[in-house]
Chemist: 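Starting off with a structure, shown below.
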Amino acid sequence: VSVATEDIPVRMPSYECQRITALKHHNHRFTTALELLEEHAGYQGGGQRADSRARGFRRASCTLKSLSHPLTSIEQAGKLPNIGPHSLAVIKDILEDGYSQEVQDICDGDFYNTMQLFTGIFGIGCSTARKWYEKGFRTLDDIRNDSTITLRKDQKIGLELYQDLNTPVTLAEANIIQELVKAEVQRLQPGATVVLTGGFRRGKTEGHDVDLLISHPTEGKETGLLSAVLARLRRKNLLAYESTTANTYDPSTVTKKEYTLDHFERCFSIFKFDKSWISSKPTSQSPPGVVKPGTSNPDLPHQGDRVSLGTAGGSDGESTAEKAWVGRRVDLIIAPASQYAYALVGWTGSKYFNRSARLYAEREMNMKLTSHVLYDPVKNQYLSASSEEDVFRHLQLPYREPTERNC
Ligand code: 8DG
Ligand code: MN
Ligand code: MN
């Protein structure tokens with residue numbers, strides 16, 4: 001007897017962390033639309049309300065990602081968890097017409113496209129981007145040429161390296177950067193570990209940055225490591241930008257604070273990734289630094305002129321029209337051994353996986369989960385974990401591989 005998929009009763013737990021969410025799934029035509037609506041809602045002003053509207057679309061999308069077959073009926077969508085009325089209407093449109101007019105209109109609109117352009121600048125958040133949009137700015141040159149705008153150092157380099165930083169980082173590049181950092185770290189502190197986390201650990205082959213979690217099995221040996229590593233990288237002229245934040249972790253505030261951001265010592269940086277380290281295309285081009293006339297990329301932000309390295313820490317010798325390196329965003333995070341398992345879960349993500357695991361911990365387990373600890377306020381106990389499996393066990397969740405946390 002063959003049973004139509006829509007007749008199979010779907011039993012899906014409502015917390016994303018209780019489910020398996022893989023990168024590849026059966027409902028991309030819905031989730032792409034829903035995540036565009038999420039992005040668009042996030043661009044809107046209005047603080048918490050806009051955020052929760054955005055999250056509504058994301059949660060609906062996550063549900064469809066966890067579904068083991070393509071969604072074929074609106075009736076079934078209605079029985080699934082976390083799909084609100086607006087998401088349901090969009091799903092219905094796509095089922096009936098093959099597309100959503102609402103999504104199409106957003107895609108075609110000035111607001112969405114300009115916000116995407118401006119928030120793509122490293123250091124620019126939604127509120128600045130919206131302010132610029134409302135002033136009538138529409139292009140990167142509008143921003144560059146306006147004398148009333150003063151930019152921070154990170155935002156300046158964000159504009160200079162716009163093209164680089166908006167070209168996805170490949171897994172091959174991420175691995176090279178991880179090896180490079182690992183070599184430096186282990187010279188300074190043998191036995192130290194450097195793990196590629198973030199999207200790449202979840203199986204993505206491209207990302208917006210490289211997230212490296214640095215630790216040492218002996219608690220305390222990670223102290224001082226970050227500044228020493230950065231000094232070495234700086235001396236080798238591998239950094240275009242760096243911004244370090246000291247560790248501000250205070251275990252006694254675990255119950256008080258809303259932990260969306262964590263408190264590890266970290267550096268948000270931009271590496272100079274030498275183009276010769278990788279040969280992505282068979283090259284018939286000039287060697288690095290040599291510019292053939294008429295070959296400049298028309299999409300480059302500073303067409304024709306050199307990238308100014310004044311604030312980027314480059315040497316004065318670099319004055320060729322095309323630099324020999326590509327800017328790559330790298331996050332370096334230092335975790336002490338006792339917090340490592342929690343840091344690994346946290347920095348592996350996804351962001352929405354973390355969010356659901358924290359809500360689950362709070363509401364279902366009456367515990368507080370962060371990237372540092374799991375705290376049981378009833379027993380007044382910090383639960384120690386030496387692996388990700390321990391973290392899931394403490395939460396009474398079935399273990400999920402990183403590739404299953406792609407919500
Ligand atoms: P992508 O770079 O491929 O675009 O995606 P990603 O790797 O999943 O996102 P990310 O923005 O690089 O963040 C990596 C993970 O780190 C993400 O799941 C959230 C987590 N994370 C923490 N603490 C913090 C924090 O303080 N700031 C940020 N930005 N991310 C954090 O656990
Ligand atoms: Mn990342
Ligand atoms: Mn990151």
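In what follows, every heavy atom counts, from backbone to side chain, and hydrogens, waters and symmetry copies are set aside. Counting convention: from 1, in listed order, for ligands and their atoms alike.
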Chemist: With distance as the sole test, does Glu173 use its side chain to make a donor-acceptor pair with the main-chain N or O of Thr170 at under 3.5 Å?
Modeler: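 Side chain of Glu173 to backbone of Thr170: a pair is present.
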Chemist: To which of His372, Glu206, His208, Arg355 does the heavy atom nearest atom 1 (P) of ligand 1 belong?
Modeler: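 Minimum heavy-atom distance to atom 1 (P) of ligand 1 goes to His208.
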Chemist: Going by the order shown, which atoms of ligand 1 are within less than 4.0 Å of some heavy atom of Gly199?
Modeler: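 Every atom of ligand 1 under 4.0 Å from some heavy atom of Gly199: 6 (P), 7 (O), 8 (O).
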Chemist: Is it true that a side-chain atom of Asn406 and a backbone atom of Thr403 form a donor plus acceptor pair closer than 3.5 Å?
Modeler: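 Yes, because the side chain of Asn406 sits within donor-acceptor range (under 3.5 Å) of the backbone of Thr403.
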Chemist: Is Thr348 close to ligand 1, meaning an N/O of one under 3.5 Å from an N/O of the other?
Modeler: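 Between Thr348 and ligand 1, no N or O pair is found under 3.5 Å apart.
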Chemist: Would you confirm whether Asp262, through its side chain, and Ser371, through its main-chain N or O, come within 3.5 Å as a donor-acceptor pair?
Modeler: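 No, Asp262 side chain to Ser371 backbone: no donor-acceptor pair under 3.5 Å.
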Chemist: Aromatic contact between Tyr241 and Phe122, with the criterion being ring centroids under 6.0 Å apart: yes or no?
Modeler: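 Between Tyr241 and Phe122, the centre distance is under 6.0 Å.
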Chemist: Can you list the ligand 1 atoms lying under 4.0 Å from a non-hydrogen atom of Gly198?
Modeler: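 Those atoms are 7 (O).
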Chemist: Which atoms of ligand 1 have any heavy atom of Arg266 under 4.0 Å away?
Modeler: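 Taking each heavy atom of Arg266 in turn, ligand 1 has 25 (C), 26 (O), 27 (N) under 4.0 Å.
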Chemist: Under 3.5 Å between some N or O of ligand 1 and some N or O of Gly207?
Modeler: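 So ligand 1 has no N or O lying under 3.5 Å from an N or O of Gly207.
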Chemist: Only pairs under 3.5 Å count here: list side-chain donor-acceptor contacts from residues 47-65, not counting sequence neighbours, and write none if there are none.
Modeler:
from	atom 1	to	atom 2	distance (Å)
Ser52	OG	Arg49	O	3.4
Arg58	NE	Glu38	OE1	3.1
Arg58	NE	Glu38	OE2	3.2
Arg58	NH2	Glu38	OE1	3.1
Arg59	NE	Glu16	OE2	3.3
Arg59	NH2	Ser14	O	3.3
Ser61	OG	Glu35	OE2	2.6
Thr63	OG1	Arg59	O	3.2
Thr63	OG1	Pro81	O	2.8
Lys65	NZ	Glu35	OE2	2.9

Chemist: Counting each atom of ligand 1 from 1 as listed, which ones have a heavy atom of Gly349 under 4.0 Å away?
Modeler: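 By the 4.0 Å cutoff, the relevant atoms are 18 (O).
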Chemist: In a table with atom names and distances, give each donor-acceptor pair under 3.5 Å that connects a side chain of residues 206-214 to protein atoms at least two apart or in another chain.
Modeler:
none

Chemist: Leaving out waters, which are not shown anyway, how many protein N, O or S atoms lie closer than 2.8 Å to the Mn ion (ligand 2)?
Modeler: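 Protein heteroatoms (N, O, S) closer than 2.8 Å to the Mn ion (ligand 2) number 2.
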Chemist: Knowing that exactly one of Lys323, Arg329, Lys275, Arg328 qualifies, which makes a salt bridge (Lys or Arg N to Asp or Glu O under 4.0 Å) with Asp164?
Modeler: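 In the set Lys323, Arg329, Lys275, Arg328, the residue that makes a salt bridge (Lys or Arg N to Asp or Glu O under 4.0 Å) with Asp164 is Lys323.
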Chemist: Return the option from His263, Arg329, Lys204 holding the heavy atom at the smallest distance from atom 5 (O) of ligand 1.
Modeler: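 Ranked by closest heavy atom to atom 5 (O) of ligand 1, first place is Lys204.
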Chemist: Below 4.0 angstrom from a heavy atom of Ser350, which ligand 1 atoms are there? Numbered from 1 as shown, please.
Modeler: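 This gives 18 (O) as the contact atoms.
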Chemist: Indicate every side-chain donor-acceptor pair of residues 221-235 with a distance under 3.5 Å to a residue at least two apart or in another chain.
Modeler:
from	atom 1	to	atom 2	distance (Å)
Glu222	OE1	Gly220	N	2.8
Thr223	OG1	Gly220	O	2.9
Ser227	OG	Gly224	O	3.3
Arg232	NE	Glu184	OE1	2.4
Arg232	NH2	Glu184	OE1	3.3
Arg234	NE	Glu242	OE2	2.7
Arg234	NH2	Glu242	OE1	3.0

Chemist: Verify the distance criterion only: is there a donor paired with an acceptor across the side chains of Asp110 and Tyr133 at less than 3.5 Å?
Modeler: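 No - no donor-acceptor pair under 3.5 Å links their side chains.
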Chemist: Identify, by atom number and element, the atoms of ligand 1 in contact range of Asp211, meaning under 4.0 Å from any of its heavy atoms.
Modeler: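 So the atoms of ligand 1 that pass are 7 (O), 12 (O), 14 (C).
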Chemist: As an exercise, identify every atom of ligand 1 less than 4.0 angstrom from a heavy atom of Lys351.
Modeler: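 Close to Lys351: 18 (O).
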Chemist: Would you say Asp331 has any N or O atom under 3.5 Å from an N or O of ligand 1, going by distance alone?
Modeler: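 No; every N/O pair is 3.5 Å or more apart.
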Chemist: Which atoms of ligand 1 are found less than 4.0 Å from any heavy atom of Arg202?
Modeler: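 With Arg202 as reference, the close atoms of ligand 1 come out as 8 (O).
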Chemist: Please state whether the rings of Phe273 and Trp277 are parallel, tilted or perpendicular, taking 30° and 60° as the class boundaries.
Modeler: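 Taking Trp277 first and then Phe273, their aromatic rings stand perpendicular (interplane angle over 60°).
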Chemist: Report yes or no: is the cationic atom of Arg400 (NZ for Lys, CZ for Arg) under 6.0 Å from the centre of the six-membered ring of Phe392, at an angle within 45° of the ring normal?
Modeler: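 No - Arg400 does not lie over the ring of Phe392 by the 6.0 Å and 45° rule.
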Chemist: Is a salt bridge present between Glu389 and Arg393, judged by a nitrogen-to-oxygen distance below 4.0 Å?
Modeler: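 Between Arg393 and Glu389 there is no salt bridge, as every charged N stays at least 4.0 Å from the carboxylate O atoms.
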